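These notes are about the structure you will find just below.
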Amino acid sequence: MKAHVIGYEIAEGVSKKTGNAYSIGKLYVALPVVGKGAKGLMGSMYDCEPAILRKLENINLPCLADIEQQDVMRFGERKQEIASISPLPPEMVATRPAAGTAVAKSA
């Protein structure tokens, strides 16, 4: 699926409680709103391995990316997790002129 990547978080360290190392990643995207009378984008958050998120370290955000998801079991609950991210080059992103920036032709 194509989505607008608007941000990410990576938290790594050692738990004070258990002494175990942890590595947690979250990806924030804006997806098209679907439905009758719907228009625009809505925000969503997905769990993601930090190694996958590191692909975005040198990319200007927000950006458009191809995102592949997979279902995983976490604490007895099925969740969607990001399996891969492929940022699209800027020239592949369709752009529209901002509202009010069109120049009228002179007669």
Side-chain angles (χ1 to χ4, degrees):
M1 98 175 140
K2 285 188 178 26
H4 295 272
V5 175
I6 54 178
Y8 65 90
E9 277 184 89
I10 297 175
E12 297 175 310
V14 177
S15 170
K16 292 178 185 176
K17 192 174 185 180
T18 65
N20 295 333
Y22 64 88
S23 184
I24 302 167
K26 296 188 183 301
L27 178 69
Y28 300 96
V29 299
L31 301 170
V33 179
V34 179
K36 187 175 180 177
K39 184 177 180 181
L41 301 170
M42 80 176 163
S44 192
M45 190 259 324
Y46 295 96
D47 291 330
C48 188
E49 291 294 323
I52 295 171
L53 293 174
R54 295 202 195 287
K55 288 184 180 181
L56 300 172
E57 286 183 333
N58 297 317
I59 304 291
N60 290 330
L61 297 180
C63 74
L64 191 63
D66 275 323
I67 297 174
E68 185 180 326
Q69 299 175 337
Q70 64 186 7
D71 287 339
V72 296
M73 292 297 289
R74 295 273 188 240
F75 305 107
E77 194 175 308
R78 190 176 97 181
K79 291 188 170 195
Q80 283 192 327
E81 186 175 88
I82 303 300
S84 71
I85 300 171
S86 300
L88 297 174
E91 60 270 8
M92 290 187 67
V93 179
T95 57
R96 289 187 268 168
T101 59
V103 177
K105 291 183 183 179
S106 58

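All values reported here derive from a predicted model rather than from experimental measurement.
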Side-chain contact test, heavy atoms from C-beta onward, threshold under 4.5 Å: evaluate it for P32 versus L41 and give yes or no. yes
Once rounded to the nearest 0.5 Å, what's the spacing between atom CG of D66 and atom NZ of K2? 4.0 Å
Who are the side-chain hydrogen bond (donor to acceptor under 3.5 Å, both in side chains) partners of R74, not counting sequence neighbours? E81
CG (N58) and CG (L56) are apart, to the nearest 0.5 Å, by 10.0 Å
The salt bridge (charged side-chain N to carboxylate O under 4.0 Å, His left out) partners of K26 (sequence neighbours excluded) come to D47
Report the distance from atom CG of L53 to atom SG of C48, rounding to the nearest 0.5 Å. 4.0 Å
In short, C63 meets I59 closest at the heavy-atom pair SG-CG2, 3.8 Å
L27 side chain near V5 side chain, heavy-atom distance below 4.5 Å: yes
Minimal heavy-atom distance between G19 and V14, with the atoms involved, is O-CG1, 3.4 Å
What residues, two or more places apart in sequence or in another chain, satisfy side-chain hydrogen bond (donor to acceptor under 3.5 Å, both in side chains) together with Q69? Y46, Q80
How far apart are the closest heavy atoms of L61 and G7, and which atoms are they? CD1-CA, 3.9 Å
Other residues, nucleotides, ligands: >12 heavy atoms within 6.0 Å of D71 CG: yes
Just how far is it from atom CD1 of I67 to atom CG of L31, taken to the nearest 0.5 Å? 7.5 Å
Between CE on residue M45 and CD1 on residue I82, distance to nearest 0.5 Å: 10.5 Å
Please test I10 against R54 for side chain to side chain contact (heavy atoms under 4.5 Å, CB included), starting from the C-alpha separation and ending with a verdict. CA-CA 9 Å; I10 297 175; R54 295 202 195 287; 3.6 Å; yes
Distance, nearest 0.5 Å, that separates OG of S84 from CD of Q70: 9.0 Å
Using every non-hydrogen atom in the two residues, find where S23 and P50 come nearest and quote the distance to one decimal. OG-CG, 3.0 Å
Could you tell me if the side chain of P62 sits less than 4.5 Å from the side chain of H4, heavy atoms only? no
Under a 4.5 Å side-chain heavy-atom rule over Ile, Leu, Val, Met, Phe, Trp and Tyr, are L64 and Y8 clustered together? no
Answer yes or no: is there a donor N or O on one side and an acceptor on the other, between the side chain of K55 and the main chain of I85, under 3.5 Å? yes
